[in-house]
Number of protein chains: 2
Amino acid sequence: MTQTSSQEAAAEVSTTAEPATPSRRELNKAATRSSIASAALDLLRSNGSGNFTVEDIAASAGVSRRTFFNYFPSLEAALASVADGFMDHALEQFRLRPADESILESAQAALMALADPMSVAPMAELFSLTQDNRQLARSELEAWEHCTEQIIDAARGRLGTGISELYLHALAGSVISCGKAAMTVWFAEHGPDLSPTSLAVLRQHLIDAMGLLGAGFAPPSDASLHGPAASPSVSTTKDRF
Amino acid sequence: MTQTSSQEAAAEVSTTAEPATPSRRELNKAATRSSIASAALDLLRSNGSGNFTVEDIAASAGVSRRTFFNYFPSLEAALASVADGFMDHALEQFRLRPADESILESAQAALMALADPMSVAPMAELFSLTQDNRQLARSELEAWEHCTEQIIDAARGRLGTGISELYLHALAGSVISCGKAAMTVWFAEHGPDLSPTSLAVLRQHLIDAMGLLGAGFAPPSDASLHGPAASPSVSTTKDRF
DNA sequence: TCACATACTTACACTAAGTGCAAGTTTGCA
DNA sequence: TGCAAACTTGCACTTAGTGTAAGTATGTGA
């Protein structure tokens, strides 16, 4: 994703095995879309948030302003596609987890799978470039929200339709909140540092956050100050508190 | 919430945090602000979301378009001030709770205190009128987000600065997520019904959601398996935590 | 009560977002 | 090859949002 190439880069590939008919049209569309998105990210990098317009992005991507709006409903949406890619990747990982695993464990595993430089880098960069802009922050919130809904659907599919909607919504929302918390805290501590050490911290934060959730946020007098070091095993330690 | 325009921040000059010195100017400003907000809400009611402009609101409130933007940065912000009021009220309740109470209990109590028609009605109406509009939904997300940050601050003040930031962020985010989940599910089930019965369900959902959180979302082999309608799952309301 | 400073409102002008439409161009397919 | 559908683009238009300067209301000190 977010390649720097423009439209003709994907032109010659016409016979690859892709899901659902990778026709010339679809390849062009995907290329254009990605070209717009990376033009937007480039401008965000070079100019800073709020200092460029849709027209700039369109010009930089080699399309008309009108075409930009055929692909994205707003400037923010073009940038948020980076976050969407990250979230989609995470959801994919989540869905690949065994169905008998607990939701919390699956979520933890899915998020951990993304704590590598390749996956996290664009997200971390977006995080840093986005901090000071209201509109962009809103779009990011929306991406998390969308992710929550996807988790709800996935969990409903896994736990059966008999499960209460409240349980689903509360669980999915909390899981996402904890993932978000881990990333927020990590970013606050390490900024855009993507070194192995830094990423290890991110992974630990993800583990800890899910651990806290699984432990019901037991008062921090006990081990939960450093997260449940032993197990991400969410399955009840004690039924109640 | 944070949409409040920059001007009124310097309102209280003297020593007191009291609403002392309600000068003519401040009264006028408050009246104008509230007049704009309710004009916006009226138009949302009568025209439906997306079918009126800032100019309409300004005209309806008897001010110029420019003055509208002196009070609110956007149309959505004017409407979101309803949600802001609700959240601020909830935060106020939260801060009034005894400091030795657990965060979850405090949050539950604060939210419960708002499950009365007077407080919930505007929020529920906003919920219903907002459902189909992207921009408005975004503003609402932002309101929840702001509320989360406030909870983080309040919890930090209560638990001391030694507490881990991850714990604070994850806990506050989860608490808010559960509150949101309770309201979302309640609204999905009951729409804008504000009857005592309906509000009792909302209260129960708030209790249940916080209970689930406190129990670490223990696998739904227990009471949380109930269908959407009846889930008096957490009967142990009082002797928890 | 009368200035005078300060805060608030407003009109005006301007940039940019977002949309509908119709004409031009590319691709898929028979 | 030729036609239909999809895609792009320019154009015109409405609306959002902001800077500025001029006008109006309010508080204050003499």
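Below, chains carry the letters A, B, ... as their sequence lines are ordered, and counting in each starts from 1.
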Inset, instruction - Please assess A:Thr67 against A:Ser64 for the test side chain to side chain donor-acceptor pair (under 3.5 Å), listing each intermediate value before the final yes or no. - result: CA-CA 5 Å; A:Thr67 295; A:Ser64 72; 3.1 Å; yes

Rounded interatomic separation in angstrom, taking [atom1] from [X] and [atom2] from [N]:
{"X": "A:Phe68", "N": "C:dT19", "atom1": "CZ", "atom2": "P", "value": "11 Å"}
{"X": "A:Leu27", "N": "D:dA6", "atom1": "CG", "atom2": "C1'", "value": "15 Å"}
{"X": "B:Arg65", "N": "D:dT14", "atom1": "CZ", "atom2": "C1'", "value": "11 Å"}
{"X": "A:Leu75", "N": "D:dA16", "atom1": "CG", "atom2": "C1'", "value": "15 Å"}
{"X": "B:Arg33", "N": "C:dA7", "atom1": "CZ", "atom2": "P", "value": "19 Å"}
{"X": "A:Glu76", "N": "D:dG17", "atom1": "CD", "atom2": "P", "value": "11 Å"}
{"X": "B:Asp56", "N": "D:dT14", "atom1": "CG", "atom2": "P", "value": "14 Å"}
{"X": "A:Phe69", "N": "D:dC11", "atom1": "CZ", "atom2": "P", "value": "17 Å"}

Inset, instruction - List in chain and number order the residues that pass side chain to side chain contact (heavy atoms under 4.5 Å, CB included) with A:Ala90, two or more places apart in sequence or in another chain; answer none if no residue qualifies. - result: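 In terms of side chain to side chain contact (heavy atoms under 4.5 Å, CB included), with neighbours along the sequence ignored, A:Ala90 is linked to A:Leu114.
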
Inset, instruction - Kindly write out the residues that satisfy side chain to side chain contact (heavy atoms under 4.5 Å, CB included) with B:Ser38, not counting sequence neighbours, or none if the list is empty. - result: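 Side chain to side chain contact (heavy atoms under 4.5 Å, CB included) check on B:Ser38 returns nothing, list empty.
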
Using a cut-off of strictly less than 4.0 Å, decide whether [X] has a side-chain nitrogen or oxygen near OP1 or OP2 of [N].
{"X": "B:Thr53", "N": "D:dT15", "answer": "no"}
{"X": "B:Ser64", "N": "C:dT9", "answer": "no"}
{"X": "A:Lys29", "N": "D:dC7", "answer": "yes"}

Taking the side chain of [X] as its heavy atoms from C-beta onward, which of [options] lies nearest to it?
{"X": "A:Thr67", "options": "C:dA17, D:dT9, C:dT10", "value": "D:dT9"}
{"X": "B:Thr32", "options": "C:dT9, C:dA17, D:dC7", "value": "C:dT9"}
{"X": "A:Asn70", "options": "D:dT8, C:dC8, D:dG17", "value": "D:dT8"}

Legend entry - Main-chain N/O of A:Asp84 paired to A:Ser81 side chain as donor or acceptor, under 3.5 Å: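 Looks like no, no N/O pair under 3.5 Å.
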
Inset, instruction - Determine the minimum heavy-atom distance between A:Val175 and A:Leu104, stating which atoms define it. - result: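 Nearest heavy atoms, A:Val175 then A:Leu104: CG2-CD1, 3.7 Å.
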
Legend entry - Minimal non-hydrogen separation, A:Ala115 against A:Val120, with atom names: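 It is CA-CG2, 3.8 Å.
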
Inset, instruction - Would you give a per-nucleotide map of nucleotides 24-30 of chain C, 5' to 3', where B means the base has a protein non-hydrogen atom under 4.0 Å away, S means only the sugar-phosphate does, and - means neither? - result: --BBS--

Inset, instruction - Between A:Val54 and B:Val63, name the one whose nearest nucleotide on DNA chain C is closer to the 5' end. - result: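 The 5'-side residue here is B:Val63.
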
Legend entry - Sugar-phosphate, base or nothing in reach of A:Tyr71, heavy atoms under 4.0 Å: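 Here A:Tyr71 touches the backbone only, sparing every base.
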
Legend entry - A:Arg158 to A:Phe94 six-membered ring, cation-pi geometry met (6.0 Å, 45°):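 Output yes; distance and angle both within limits.
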
Inset, instruction - Answer yes or no: is there a side-chain heavy-atom contact under 4.5 Å between A:Leu206 and A:Trp186? - result: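 No, side chains not in contact.
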
Inset, instruction - Return the residues of residues 38-49 of chain B meeting this criterion: a heavy atom under 4.0 Å from some atom of DNA chain D. Order them by number, or give none. - result: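 Contacting residues: none.
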
Inset, instruction - Please identify each residue that fulfils side-chain hydrogen bond (donor to acceptor under 3.5 Å, both in side chains) with A:Ser60, with sequence neighbours left out. - result: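 Residues passing side-chain hydrogen bond (donor to acceptor under 3.5 Å, both in side chains) with A:Ser60: none at all.
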
Legend entry - Within residues 120-130 of chain A or reaching into it, pairs that qualify as side-chain hydrogen bond (donor to acceptor under 3.5 Å, both in side chains) - sequence neighbours excluded: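 Listed by first then second residue: A:Arg45-A:Glu125.
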
Legend entry - Donor-acceptor pair present, A:Arg66 side chain and C:dG18 base, under 3.5 Å: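 A donor-acceptor contact between them is absent.
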
